[in-house]
Protein chains: 2
Amino acid sequence: MEECYRTPYLLSTKKQTEFYNMIKKKKIKDKKSALLKATLTLVNNNGFHNAPMSKIAKLAGVAPATIYLYFENKQDLINTLYLEVKSSFSVCAFEGYEADLPVKQGFELIWYNAASYKLNQIEESTFLSQCDNTPMIDEEIRKEGLEPLRPLLDLWERGKKEGIIKPLSDFILYAYTIYPLSFLLAMQERNLYKVSKEELSETFQMTWSAIKS
Amino acid sequence: MEECYRTPYLLSTKKQTEFYNMIKKKKIKDKKSALLKATLTLVNNNGFHNAPMSKIAKLAGVAPATIYLYFENKQDLINTLYLEVKSSFSVCAFEGYEADLPVKQGFELIWYNAASYKLNQIEESTFLSQCDNTPMIDEEIRKEGLEPLRPLLDLWERGKKEGIIKPLSDFILYAYTIYPLSFLLAMQERNLYKVSKEELSETFQMTWSAIKS
DNA sequence: AACAAAAGAATGAACGTTCATTTATTGATT
DNA sequence: AATCAATAAATGAACGTTCATTCTTTTGTT
């Protein structure tokens with residue numbers, strides 16, 4: 001523990017300062033992400049309306065007032081969390097994806113990535129589902145959260161041009177591609193159902209049948 | 001106004017009593033449904049966490065205390081609303097449906113009914129979407145709300161036996177049948193997208209491609 | 001010593017709910 | 001048909017609590 005933060009006495013003064021700055025930034029980041037994590041947990045378990053700042057602070061191990069050093073207010077905290085999680089989803093979804101992959105192959109990669117995220121990163125996914133359908137997130141922020149999905153839209157665009165994918169609105173494609181996964185996650189989360197590996201591949205077939213030309 | 005509630009002096013005393021009881025029940029129902037409607041509107045526009053009893057009362061035109069004559073507490077109010085709306089959805093979904101219809105025909109009927117509800121009864125559908133992903137509704141009540149969907153599950157059962165529908169879990173079938181509609185509703189609600197009539201039929205084709213054997 | 005980070009107590013507003021009354025309706029009695 | 005006690009429905013103010021946020025003090029670092 002202490003070991004980690006020991007003074008690096010072999011370094012120059014300037015280097016030392018840099019080192020301390022790094023630690024400081026890290027500590028700040030730690031606290032910030034502890035707060036975000038606490039918010040995630042509490043909102044998931046109790047809903048937005050029952051995740052008071054006092055509890056968030058307690059779970060993160062800080063005083064209530066400390067939250068306001070890192071976030072403007074509760075809305076800002078929620079917005080930040082939303083954008084962060086949304087972006088982490090995109091990062092996972094496009095892992096290993098290259099824009100020059102054949103349409104079906106690229107789509108399959110993205111879909112399985114997304115499915116794996118939705119069904120395994122349960123806390124994050126549950127939170128996103130909750131955000132998707134409440135006025136809890138500002139519309140502006142919601143739009144911002146959609147940005148990182150661009151590569152998928154581009155892929156669809158290409159698929160439509162090549163006659164591989166139905167020439168329909170991205171919204172409809174999304175409704176049959178990613179959205180069903182949210183439902184399966186919700187059922188899994190409520191212990192009503194668990195998707196097996198074989199079913200997952202069946203499920204991909206369903207998605208593909210739905211959107212292919 | 002007064003006309004409506006005029007004494008039906010041509011009726012016997014017993015009949016008169018019955019008449020008055022009817023009016024009383026109607027008035028009570030009026031107030032109750034005014035409260036439910038107000039809750040629906042406020043939860044939709046502001047979210048559960050911003051729909052206080054005081055506002056609900058004001059919008060329904062009653063005093064805050066009056067709510068507690070009709071509902072145990074806020075949770076009960078929400079639960080009641082949820083069950084009522086959920087049931088109204090089912091009523092619409094199965095309008096004109098007979099259990100002896102051929103599988104595809106019956107499914108098509110139900111799907112279009114459901115789509116029409118989701119895309120037209122916007123307030124109700126938006127509310128349901130919001131409920132689907134929050135801890136706002138007790139799990140027990142949520143289960144109760146699923147009951148009226150039985151005929152659809154039976155239809156799927158039959159479809160699987162006849163080899164018409166993929167032998168998959170009802171959850172997966174639901175995820176590709178009804179759930180995508182919720183997404184399209186949400187997009188429509190946010191003025192991001194409007195499903196045209198032609199697209200609706202395309203969309204049905206997608207659903208059918210996904211679940212047919 | 002100077003400074004920023006963090007804490008904890010404090011604050012006013014807002015919440016869900018209750019309570020003491022008032023108002024409206026009913027049924028019996030004249 | 002009129003009166004009146006009894007009951008039910010409805011109210012607005014008030015309660016205790018909890019909330020998001022701020023203020024003042026303490027702690028820790030340079």
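Here the structure is a predicted model, which means the values were calculated and not measured. Labels below follow one simple rule: chain letters A, B, ... track the order of the sequence lines, proteins then strands, and each chain is numbered from 1.
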**Fill in**
Separation of D/dA9 atom P from B/Phe71 atom CZ, nearest Å, is 15 Å
Please write out the pairs of protein N or O atoms and N or O atoms of nucleotides 16-20 of chain C separated by less than 3.5 Å, giving the distance to one decimal.
| unit_1 | atom_1 | unit_2 | atom_2 | d |
| --- | --- | --- | --- | --- |
| C/dG16 | OP1 | B/Lys74 | NZ | 2.6 |
| C/dG16 | OP2 | B/Met53 | N | 2.6 |
| C/dT17 | OP2 | B/Tyr68 | OH | 2.6 |
| C/dT17 | OP2 | B/Lys74 | N | 2.9 |
| C/dT17 | O5' | B/Tyr68 | OH | 3.2 |

**Message:** Please report the distance, rounded to the nearest Å, between NZ in A/Lys31 and C1' in D/dG28.
**Reply:** 11 Å
**Message:** Does D/dA9 have its OP1 or OP2 closer than 4.0 Å to a side-chain nitrogen or oxygen of B/Tyr70?
**Reply:** no
Which donor-acceptor pairs under 3.5 Å do the side chains of residues 150-158 of chain A make with protein atoms, sequence neighbours left out?
| unit_1 | atom_1 | unit_2 | atom_2 | d |
| --- | --- | --- | --- | --- |
| A/Arg150 | NH1 | A/Asp154 | OD1 | 3.4 |
| A/Arg158 | NH1 | A/Leu101 | O | 3.1 |
| A/Arg158 | NH2 | A/Ala99 | O | 3.0 |
| A/Arg158 | NH2 | A/Leu101 | O | 2.9 |

**Request:** Specify the separation, in whole Å, of atom CG of B/Leu77 and atom P of C/dC15.
**Result:** 15 Å
Just distance, no hydrogens or angles: give the donor-acceptor pairs under 3.5 Å from side chains in residues 121-130 of chain A, sequence neighbours left out.
| unit_1 | atom_1 | unit_2 | atom_2 | d |
| --- | --- | --- | --- | --- |
| A/Glu123 | OE1 | A/Lys37 | NZ | 3.4 |
| A/Ser125 | OG | A/Tyr117 | O | 3.4 |
| A/Ser125 | OG | A/Lys118 | O | 3.4 |
| A/Ser125 | OG | A/Gln121 | O | 3.0 |
| A/Thr126 | OG1 | A/Ile122 | O | 2.7 |
| A/Ser129 | OG | A/Ser125 | O | 3.2 |
| A/Gln130 | NE2 | A/Val43 | O | 3.4 |

**Item:** B/Glu139/B/Arg142 salt bridge by N-O under 4.0 Å criterion
**Value:** yes
**Item:** Length of the NZ-C1' vector between B/Lys58 and D/dT11, whole Å
**Value:** 15 Å
**Prompt:** Starting at CD1 of A/Ile67 and ending at P of C/dG8, how long is that distance when rounded to a whole Å?
**Reply:** 13 Å
**Request:** Check the distance between D/dT27's C1' and A/Leu69's CG and give it to me in whole angstrom.
**Result:** 14 Å
**Asked** Taking A/Lys160 for the side chain and A/Lys166 for the main chain, is one N or O donor matched with an acceptor at less than 3.5 Å?
**Response** no
**Item:** Any side-chain donor near an acceptor of the partner, A/Thr203 and B/Tyr176, under 3.5 Å
**Value:** no
**Item:** Protein-nucleotide distance (A/Asn50, atom CG; C/dA14, atom C1'), rounded to Å
**Value:** 15 Å
**Request:** Using atom CG of A/Asp76 as one end and atom C1' of D/dA20 as the other, report the distance to the nearest whole Å.
**Result:** 14 Å
**Message:** Parallel, tilted or perpendicular, judged at 30° and 60°: which one describes the rings of A/Tyr97 and A/Phe94?
**Reply:** tilted
